Amino acid sequence: MSEIRHDWRDAEIAALYELPFNDLLFRAQQVHRAHFDPNRVQVSTLLSIKTGRCPEDCGYCPQSVRYDTGLEDEPLLPVDEVLAQARAARERGASRFCMGAAWRAPRDRDLDQVVEMVRGVKAMGLETCLTLGMLTEAQTARLREAGLDYYNHNLDTSPDFYGEIITTRTYQDRLDTLARVREAGIKVCCGGIVGMGEDRADRIGLLRELANQPQHPESVPINLLVKVEGTPLAEAEDLDPIEFVRTIAVARILMPRSWVRLSAGREAMDDAQQALCFLAGANSIFYGEKLLTTPNPTADRDRALFDRLGLQAV
Ligand code: SAM
Ligand code: DTB
Ligand code: SF4
């Protein structure tokens, strides 16, 4: 079994990145097989429960009120509508239902409604996940009490590059929310985005921060930037696909027991690149034709991909 470490240094992570590709993938596969069934992939479905008009300025995000992206705003959805969508996701084979809201932080009266959603989705036998922005201690306690399984809150990038992308909340704010989530006994889903014009040192910095938390996040989404017209990052340079696969492999080696999610950006990848990501140790995806606001591969295309690769949903 590979050792679980929380003291990774940049130079060690850089050395993994610099391995010959075949050696890196072999190491990642060894780690992956020591901890997981290599042919099983966890499947989550996403639903945007509150869309657009977010006061934050995240440079990648189509939901910020500061950028004109032509997005249709939507206030918090009624509970029964969310439950109907969860039921449909369960019928399509999802095991986790993730609800996302374009908030800097939820207000307590919004949380009343969200708590009802969590209870309802949980009662269907699905795992629940939320991403609502920053949380207070009292809010994490309420969500835990409602039966929330996972909370998604990303570090997004390295501490050094972070200020180029977001100015309205600090890296420390994110770490504080993550600590409160952990403290409440909710599982942590935390990752980042690559392809935002950062360099490899920033990808290393992101993975270092993730891997050196006191406990590894149970779920680590690696998002490839979805470029949305109207956002400051709409014209970001494409990331080399091999560099993306290397990032997945390094995440797998650093966090052997975590579910590494091949997250946003699959719509722009062909089957061969996704196959390499699974080989590198990715074992979770978002399923269904929409992420929060942007397109994701259709369920049919993903079923065909799973058949082609002999993969099965967990
Ligand atoms: N508003 C909450 C927050 O930011 O914490 C929750 C929702 S927010 C949309 C969740 C995550 O989606 C962000 O942290 C970011 O990592 C990811 N994301 C947003 N827009 C993206 C894009 N265009 N491409 C890739 N990932 C994106
Ligand atoms: C995460 O890391 N990726 C998901 C989820 N957490 C909430 C969101 C991706 C959003 C992509 C842009 C959009 O569809 O709006
Ligand atoms: Fe708001 Fe979240 Fe988008 Fe940032 S990523 S602008 S916080 S919805």
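Whatever order the structure lists ligands and atoms in, that order sets their numbers, starting from 1. Throughout, numbering of the chain's residues begins at 1 and tracks the sequence. Here the structure is a predicted model, which means the values were calculated and not measured. These values consider heavy atoms only, across backbone and side chains, with no hydrogens, waters or symmetry-generated copies.
- In this structure, the side chain of Tyr171 engages the main chain of Thr157 through a donor-acceptor pair within 3.5 Å.
- Atom 6 (N) of ligand 2 has as its closest protein heavy atom Asn152 OD1, 3.1 Å.
- Counting the atoms of ligand 1 from 1 in the order shown, those under 4.0 Å from a heavy atom of Trp103 are 1 (N), 2 (C).
- Close contacts between ligand 1 and Ala101 involve ligand atoms 1 (N), 2 (C), 6 (C), 7 (C) [criterion: under 4.0 Å to a heavy atom].
- At a heavy-atom cutoff of 4.0 Å, ligand 1 is contacted by no atom of Leu233, backbone or side chain.
- Every atom of ligand 1 with a heavy atom of His153 under 4.0 Å away is listed here by number and element: 5 (O).
- Given atom 15 (O) of ligand 2, the protein heavy atom at minimum distance is Thr293 OG1, 2.6 Å.
- Shown here, atom 20 (N) of ligand 1 is in close reach of the protein: a heavy atom of it lies under 4.0 Å off.
- Side chains of Tyr150 and Arg96: a donor on one and an acceptor on the other come within 3.5 Å.
- Using a distance-only test at 3.5 Å, with no hydrogens or angles considered, no donor-acceptor pair links the side chain of Asp302 to the main chain of Ala299.
- Neither the backbone nor the side chain of Pro221 comes within 4.0 Å of ligand 1, counting heavy atoms alone.
- In this structure, the protein non-hydrogen atom closest to atom 9 (C) of ligand 1 is Leu292 CD1, 3.5 Å.
- Using a cutoff of 4.0 Å between basic side-chain nitrogens and carboxylate oxygens, Asp149 and Lys122 are scored as salt-bridged.
- Among Asn223, Ile193, Leu130, the residue whose heavy atom lies closest to atom 27 (C) of ligand 1 is Ile193.
- At distances below 3.5 Å, at least one donor-acceptor pair connects side-chain atoms of Tyr151 with backbone N or O atoms of Leu132.
- For atom 2 (Fe) of ligand 3, the nearest protein heavy atom is 4.0 Å or more away.
- Of the candidates Ala102, Cys129, Ala264, Pro62, Ala264 brings a heavy atom nearest to atom 9 (C) of ligand 2.
- For ligand 3, the atoms lying closer than 4.0 Å to a non-hydrogen atom of Ala102 are 8 (S).
- Under the 4.0 angstrom criterion for non-hydrogen atoms, Cys58 is not in contact with ligand 1.
- For a threshold of 3.5 Å applied to N or O pairs, the pair formed by Asp156 and ligand 1 contains at least one separation below that value.
- The closest side-chain heavy-atom distance from Leu210 to Met255 is below 4.5 Å.
- Using a 4.0 Å cutoff on heavy atoms, Thr131 counts as a contact of ligand 2.
- Using a non-hydrogen distance threshold of 4.0 Å, Ser263 registers as a contact of ligand 2.
- Close contacts of ligand 2 with Pro221, meaning ligand atoms under 4.0 Å from a residue heavy atom, involve 2 (O).
- Comment: Glu209 does not engage Arg174 in a salt bridge, judged by the lack of any side-chain N to carboxylate O separation of less than 4.0 angstrom.
- Which parts of ligand 1 touch Ala264 is read off a 4.0 Å heavy-atom cut-off, strictly below it: atoms 25 (C).
- Within a 4.0 Å radius of atom 24 (N) of ligand 1, the protein contributes at least one heavy atom.
- Nearest protein heavy-atom contact of atom 4 (Fe) of ligand 3 is Cys58 SG, 2.3 Å.
- Judged by distance alone, with hydrogens and angles left aside, the side-chain atoms of Asn283 form a donor-acceptor pair with the main-chain N or O of Val260 at under 3.5 Å.
- Of the N or O atoms in Leu292, one or more lie within a sub-3.5 Å distance of an N or O in ligand 2.
- Contacts of Asn223 with ligand 2, taken as heavy-atom pairs under 4.0 Å, involve the side chain alone.
- Contacts between Val226 and ligand 1, counted as non-hydrogen atom pairs separated by less than 4.0 Å, involve both the backbone and the side chain.
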- Message: Between Asp173 and Thr177, does the side chain to side chain contact (heavy atoms under 4.5 Å, CB included) criterion hold? Intermediate values first, please.
- Response: CA-CA 6 Å; Asp173 288 332; Thr177 289; 5.9 Å; no
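- A salt bridge is defined here as a Lys NZ or Arg NE, NH1 or NH2 lying under 4.0 Å from an Asp or Glu carboxylate O, and Glu137 with Arg180 fails to meet this definition.
- Considering backbone and side-chain atoms alike, Tyr60 places an N or O below 3.5 Å from some N or O of ligand 1.
- Between Arg109 and Asp112 there is no salt bridge, since no side-chain nitrogen of the basic residue lies less than 4.0 Å from a carboxylate oxygen of the acidic one.
- In terms of protein heavy-atom proximity, atom 12 (C) of ligand 2 is nearest to Thr294 OG1, 3.6 Å.
- Close approach of ligand 3 to Glu56 (heavy-atom distance below 4.0 Å) involves ligand atoms 1 (Fe), 4 (Fe), 6 (S), 7 (S).
- Heavy-atom separations between Phe286 and ligand 2 include at least one value shorter than 4.0 Å.
- Ionic pairing of Glu56 and Arg169 is present here: one or more N-O contacts between side-chain nitrogen and carboxylate oxygen are shorter than 4.0 angstrom.
- For ligand 3, the atoms closer than 4.0 angstrom to any heavy atom of Tyr60 are 5 (S).
- Salt-bridge annotation for Glu243 and Arg203: present, with a side-chain N of the basic residue lying under 4.0 Å from a carboxylate O of the acidic one.
- Within the 4.5 Å cutoff, no side-chain heavy atoms of Leu19 are placed close to those of Leu25.
- Nearest protein neighbour of atom 6 (C) of ligand 1, counting heavy atoms only, is Thr131 OG1, 3.1 Å.
- Neither the backbone nor the side chain of Met134 has a heavy atom within less than 4.0 Å of ligand 1.
- Every atom of ligand 2 with a heavy atom of Asn154 under 4.0 Å away is listed here by number and element: 1 (C), 2 (O).
- A salt bridge is defined here as a Lys NZ or Arg NE, NH1 or NH2 lying under 4.0 Å from an Asp or Glu carboxylate O, and Asp108 with Arg142 fails to meet this definition.
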- Task: Walk me through it: do Arg92 and Tyr287 pass the test side-chain hydrogen bond (donor to acceptor under 3.5 Å, both in side chains)?
- Result: CA-CA 9 Å; Arg92 286 195 302 265; Tyr287 182 61; over 6 Å; no
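- Looking at atom 11 (C) of ligand 1, its nearest protein heavy atom turns out to be Asn154 ND2, 3.8 Å.
- Counting heavy atoms from C-beta outward, Leu77 and Leu47 have side chains that approach closer than 4.5 Å.
- For Arg169, the closest heavy-atom approach to ligand 1 falls below 4.0 Å.
- At least one heavy atom of Gly133 sits closer than 4.0 Å to an atom of ligand 1.
- Atom 3 (Fe) of ligand 3 has an N, O or S atom of Cys61 closer than 2.8 Å.
- Within the cation-pi definition used here (under 6.0 Å to the ring centroid, within 45° of the axis), Arg261 does not qualify as a partner of Trp259.
- A cation-pi contact, defined as under 6.0 Å to the ring centre and within 45° of the axis, is absent between Arg266 and Phe286.
- Between Glu183 and Arg144, none of the side-chain N atoms (NZ, or NE/NH1/NH2) sits under 4.0 Å from a carboxylate O, so this pair counts as no salt bridge.
- Contacts with ligand 3 closer than 4.0 Å are made by side-chain heavy atoms of Arg169 only, the backbone lying farther away.
- With contacts defined as side-chain heavy-atom distances shorter than 4.5 Å, the pair Ser219/Lys187 does not qualify.
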